[in-house]
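Chain naming here is simple, since letters A, B, ... match the order of the sequence lines and numbering starts at 1 in each. FYI, side chains are in, hydrogens and waters are out, and symmetry mates aren't considered; it's all heavy atoms of this structure.
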Number of protein chains: 2
Amino acid sequence: MANLDRSLIAGLDVFESMTAADLDRIVGQARSMRIARDQPVFEQEQDAHSFFLLLDGHVRVVKSTPDGHEVTVRYISPGELMGIASALGRTTYPANAIAAVDCVVLAWPSQLWPTFATSFPNFSANTYKTVGSRLQDAHTRVIEMATEQVEQRVAHALLKLIKQSGRKTDEGLMIDFPLSRQDIAEMTGTTLHTVSRLLSAWEDQGLIKSGRQRVVVVEPHKLLVVAECRTPKG
Amino acid sequence: MANLDRSLIAGLDVFESMTAADLDRIVGQARSMRIARDQPVFEQEQDAHSFFLLLDGHVRVVKSTPDGHEVTVRYISPGELMGIASALGRTTYPANAIAAVDCVVLAWPSQLWPTFATSFPNFSANTYKTVGSRLQDAHTRVIEMATEQVEQRVAHALLKLIKQSGRKTDEGLMIDFPLSRQDIAEMTGTTLHTVSRLLSAWEDQGLIKSGRQRVVVVEPHKLLVVAECRTPKG
DNA sequence: CGTCCATTTGATCAGGGTCAAGACGAGTGG
DNA sequence: CCACTCGTCTTGACCCTGATCAAATGGACG
C-alpha cells in the first residue's frame, strides 16, 4: 500500500502539465491493486466507491442487459481512467469492468473527486476531455451500428483495437491481449459465427492472421479499405 | 440583447441550488437569440464559439457522415444545455443542431466556461451530471442497436420522446413537435418505409394515432409491452 | 388548381442470424 | 505420456427480418 511514486503517473495524458508536488499529493492518496485475469475491477450497479487508473494490463468494459446480452462498451488501455462515475454525478457504476489479462490499477476513493476537481483544475479538465472523447466514441458507434454493414463494423473494430493496443511483430500488428470471436461479436453487435466467417475470409485474403483468442492484422491498409467500403443503406 | 432576467433560468435543473446573485451574474453574460424552424443553432465541425441553453422550442441534434447519412443523436427540450463542447475540451461542435420548431435560446461565449466552472461549482457539477446522463443514453442506444429488433427500437424511441416531450391531449400523449417517419428512421437506424409500416400496424391496433409529421401515443402501456418484448438474438 | 412532400403499400431479395455438427487445441488428471 | 474434457473456432444449410425498388395516394400550401 505504500511506496507509490509519482513516476507511476507522470507523463500520462490525464496528468499533463501538473507539478511534481501535485502529482505526489495525488499519488499519495491512491492505493494500488492487482486484478487477476477475468476478475472484475468494478461491477455494474455497484456503489461507486472508487475511481481507477489502469497502470498495466487491459480491461474490458461490458454492459449486461436484463435479458442476458452482453455488449462491450470499450477496452481500457494502460494510462486511462475508468470508473469515473463520481465525476459525472453518478453513485453507481454503469458497467462491469473485467480484467482481460492480469492488471495493475490505482484506486482513489470517490469522495476525493470534489477535492481533486477544485485543487487540480488541470486534472479535472483533462478528465472531462477524456469523458468528451468517450462520448464522441459512443456516438461514433451509434452511427456505425446505424449505417454500416457487419463486415465494415468488424473491420473498424479491429482497426480501433490495433490503434490503441497494437504491438508490432514480424507478422504484422498484433492485438496484445486475448480476444475471442465472441468478444469481437460483443463489440460489434453481431454473432461469433459471423465474426468467424469474416475472419476466415480475411485470413484467406492475407489481410490478417488469427488463432485462438489472438488476432494479428497483416495488412492494415487493405483492412481499412474494407472498413471504408461504401455499400451502405439509404 | 438586454432585459434578460434570472427568472428565465431559475428553477432549471442545471441551475439548481444557486443563489439569485449568481444567476444574475450568469444570465447577465448571455445573449438571447431566436432561431427559426429548420435553421441551425450550431453546425458540425464549426468553431465552438458558444454554448447554449434552450429556453423554448425543440432542437434536433444530428451527425452527418461523409457518405451522406444522417443520424439523429438526440432531441433537446426546453431547459437543457447544448453545444457544451467547451466543457469537454473540444474546439468544434461534434454535430449539427437544427431547430425542429421556432426556438429561443440563450448563448454564452465558450471562453466563459473556465470562469463559470470555477466560480459556480454547482453549475459545473450539474453540467457534468448532464454529460454523464448523455453518455449513459448513448451507451443505451448502442445496446439497443446491438440487441433489439427494429420494432422494439422504434417503440423505445417513441416512448423516450413522449417522456421528454409528451403533451397530454384528449386522444393520448402527443409528441409536441413535427416528427416525420424519416426523422424516426434517423433516430433508430432504419428506413422511413419500415417506420411507416410499423406505425400503420400500431395504428390498426389502436396503440397510436398518427398523421403528417405528428404522432400521438394512445396506449403507452401497450407500446411498452412491444418495446420490452423478448425476441432477441443470442 | 397544381405542385411538392410526406406517407402508404406491394413485391422482391439478400445480409446475416439461427440451428446443427464437427474439428481443433489447450489444459487436466491418471 | 496419454486420454479425456472443455472451450474456441469452423463450416454448412436454412430462413427471417428488414432493406431496396417501385408506384400510388393524399394533404398542405401557394
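- If you check every strand for non-hydrogen atoms under 4.0 Å, B:Ser196 touches a base.
- Taking the side chain of A:Gln149 as heavy atoms from C-beta on, and the options D:dA19, C:dG15, C:dT7, the nearest nucleotide is C:dG15.
- Separating the CE atom of B:Met145 from the P atom of C:dG16 is a distance of 13 Å, rounded to the nearest angstrom.
- If you measure from atom CG of A:Leu199 to atom C1' of D:dT8, you get 13 Å, rounded to the nearest angstrom.
- The interatomic distance linking A:Glu186 (CD) with C:dG17 (P) rounds to 14 Å, in whole Å.
- In the set D:dG18, C:dG17, C:dT8, C:dT8 carries the atom at the smallest distance from any side-chain atom of B:Ser210.
- Across every non-hydrogen atom of A:Ala107 and A:Met33, the tightest pair is CB-SD, 3.9 Å.
- Between the A:Arg141 side chain and the A:Met187 main chain, a donor and an acceptor come within less than 3.5 Å of each other.
- Side chain to side chain, A:Ser180 and A:Gln213 fail the donor-acceptor criterion of an N or O pair below 3.5 Å.
- As a whole-Å value, the separation of A:Arg153 CZ from C:dG16 P is 8 Å.
- Between B:Ser180 and C:dA6, a side-chain N or O to OP1/OP2 separation shorter than 4.0 Å is absent.
- Taking atom CD of residue A:Gln182 and atom C1' of nucleotide D:dC9, one finds them 12 Å apart after rounding to whole Å.
- Residue A:Arg197 has its side chain nearest to C:dT18 when only C:dT7, C:dT18, D:dA19 are considered.
- In this entry the distance linking CH2 of A:Trp202 with P of D:dC9 reads 15 Å, nearest Å.
- Dashed line: the shortest gap from a side-chain N or O of B:Ser200 to OP1 or OP2 of C:dT9 is under 4.0 Å.
- Closest to the side chain of A:Thr190, out of C:dT8, D:dT8, C:dG17, is C:dG17.
- In this structure, A:Glu151 and A:Arg212 both approach DNA chain C, and ranking their closest nucleotides by distance from the 5' end singles out A:Glu151.
- Under the 3.5 Å distance criterion, with hydrogens and angles disregarded, no donor-acceptor pair is assigned to the side chains of A:Arg167 and A:Ser165.
- The CG atom of A:Leu223 lies 10.0 Å from the CD atom of A:Gln205; values are rounded to the nearest 0.5 Å.
- Remark: the B:His193 side chain and the C:dT7 base include no donor-acceptor N/O pair separated by less than 3.5 Å.
- At whole-Å resolution of the value, CG in B:Asp38 and P in C:dA6 are 10 Å apart.
- A close approach under 4.0 Å does occur between a side-chain nitrogen or oxygen of A:Thr191 and OP1 or OP2 of C:dG17.
- Atom CG in A:Leu192 sits about 18 Å away from atom P in C:dA23, given to the nearest Å.
- Considering only side-chain atoms of A:Val150, the nucleotide from C:dT18, C:dA6, C:dG16 that sits closest is C:dG16.
- Checking the phosphate oxygens (OP1, OP2) of C:dG16, no side-chain nitrogen or oxygen of A:Thr194 falls inside 4.0 Å.
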